[in-house]
Amino acid sequence: VPAAEVPLRPCSSRAAPQGARSAVIDRIIRVDHAGEFGANRIYAGQMFVLGRSSVGPLIQQMWNQEKEHLKKFDELMVAYRVRPTVLLPFWNVAGFVLGAGSALLGKKGAMACTVAVEESISDHYNSQIRRLVEEDPEKYKELLQVIKQFRDDEREHHDIGLAHDAEAAPAYSVLRTVIQLGCKAAIFLSERI
């Protein structure tokens, strides 16, 4: 069959924003999507245990913001044509178990988990912001705005956790350290796999 007669396969005509798609952007969007997915599962686990308690509405409020974050990264994955990490099924279970497990320690345990996770995520977002600004702040303007806004939301969640007695949780410093090491491992793996 001559080349002119070969039917074209339908595909999306929507190019990545500004025609740019680099390995750095792929990694950023993949890991941020995984992080927001994991955060949603953590809050789902916390709500499962504490949803009917006095702290339930506060957890729900933070979870609602995380749902919006995940929705935006779902959209960015399509726009930039980035595949999700293959570890999503693992993060689905691990996130829920972390959320429910920390909530079983009570309100303070849940808030300690929130502080640890949100501190890790906001620090990670800060690293991404620095990287994108160094590369080309104008080219990545939209993505920078998204990441900056989400970083600010994560910092707010962190501060809410501190204001609600996170540091009074049993073995707070150990719990925080273990959760943050887990976050670093999740970030490392989700960027690459």
Leu88/Asn92 under side chain to side chain contact (heavy atoms under 4.5 Å, CB included): CA gap, chis, key distance, verdict: CA-CA 6 Å; Leu88 281 184; Asn92 181 32; over 6 Å; no
Tell me which one of Thr85, Ile187, Leu189 satisfies side-chain contact (heavy atoms from CB on, under 4.5 Å) with Val31.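 The side-chain contact (heavy atoms from CB on, under 4.5 Å) with Val31 is passed solely by Ile187 among Thr85, Ile187, Leu189.
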Partner of Met111 under side-chain contact (heavy atoms from CB on, under 4.5 Å), chosen from Leu162, Val55, Leu105: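 Exactly one pass, corresponding to Val55.
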Flag the pair [X] / [Y] as yes when at least one side-chain heavy-atom distance between them is below 4.5 Å, and no otherwise.
X: Tyr140; Y: Ile25; answer: yes
X: Leu132; Y: Pro137; answer: no
X: His158; Y: Arg155; answer: yes
X: Leu58; Y: Gln61; answer: yes
X: Ile121; Y: Cys183; answer: no
X: Ile28; Y: Ile147; answer: yes

Within residues 110-136 or reaching into it, pairs that qualify as salt bridge (Lys or Arg N to Asp or Glu O under 4.0 Å) - sequence neighbours excluded: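 For residues 110-136: Glu119-Arg176, Arg131-Glu135.
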Test side chain to side chain contact (heavy atoms under 4.5 Å, CB included) on Leu76 and Val82; report intermediate values, then the result. CA-CA 8 Å; Leu76 289 172; Val82 175; over 6 Å; no
Does any donor atom in the side chain of [X] or [Y] lie under 3.5 Å from an acceptor atom in the other side chain?
X: Ser190; Y: Trp91; result: yes
X: Asp153; Y: Gln149; result: yes
X: Ser122; Y: Arg151; result: no
X: Asn64; Y: Gln60; result: yes
X: His124; Y: Gln128; result: yes

Ring-face cation contact, Phe188 with Arg192, 6.0 Å cut, 45° max: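 Because its charged atom sits under 6.0 Å from the ring centre and within 45° of the axis, Arg192 does stack over Phe188.
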Quick one: closest heavy-atom pair of [X] and [Y], and the distance?
X: Trp63; Y: Ala44; answer: CZ2-CB, 3.6 Å
X: Ala103; Y: Gln46; answer: CB-CA, 3.9 Å
X: Leu50; Y: Ala110; answer: CD1-CB, 3.7 Å

In this structure, which one of Phe150, Phe37, Tyr80 forms a ring-ring contact (aromatic ring centres under 6.0 Å, His included) with Phe73?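 Of Phe150, Phe37, Tyr80, ring-ring contact (aromatic ring centres under 6.0 Å, His included) with Phe73 is met by Phe150 alone.
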Distance check, rounded to the nearest 0.5 Å: Glu154 atom CD versus His157 atom NE2?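 It comes to 6.0 Å.
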Residues in side-chain hydrogen bond (donor to acceptor under 3.5 Å, both in side chains) contact with Asp159, at least two apart in sequence or another chain: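 So Asp159 forms no side-chain hydrogen bond (donor to acceptor under 3.5 Å, both in side chains) with any residue.
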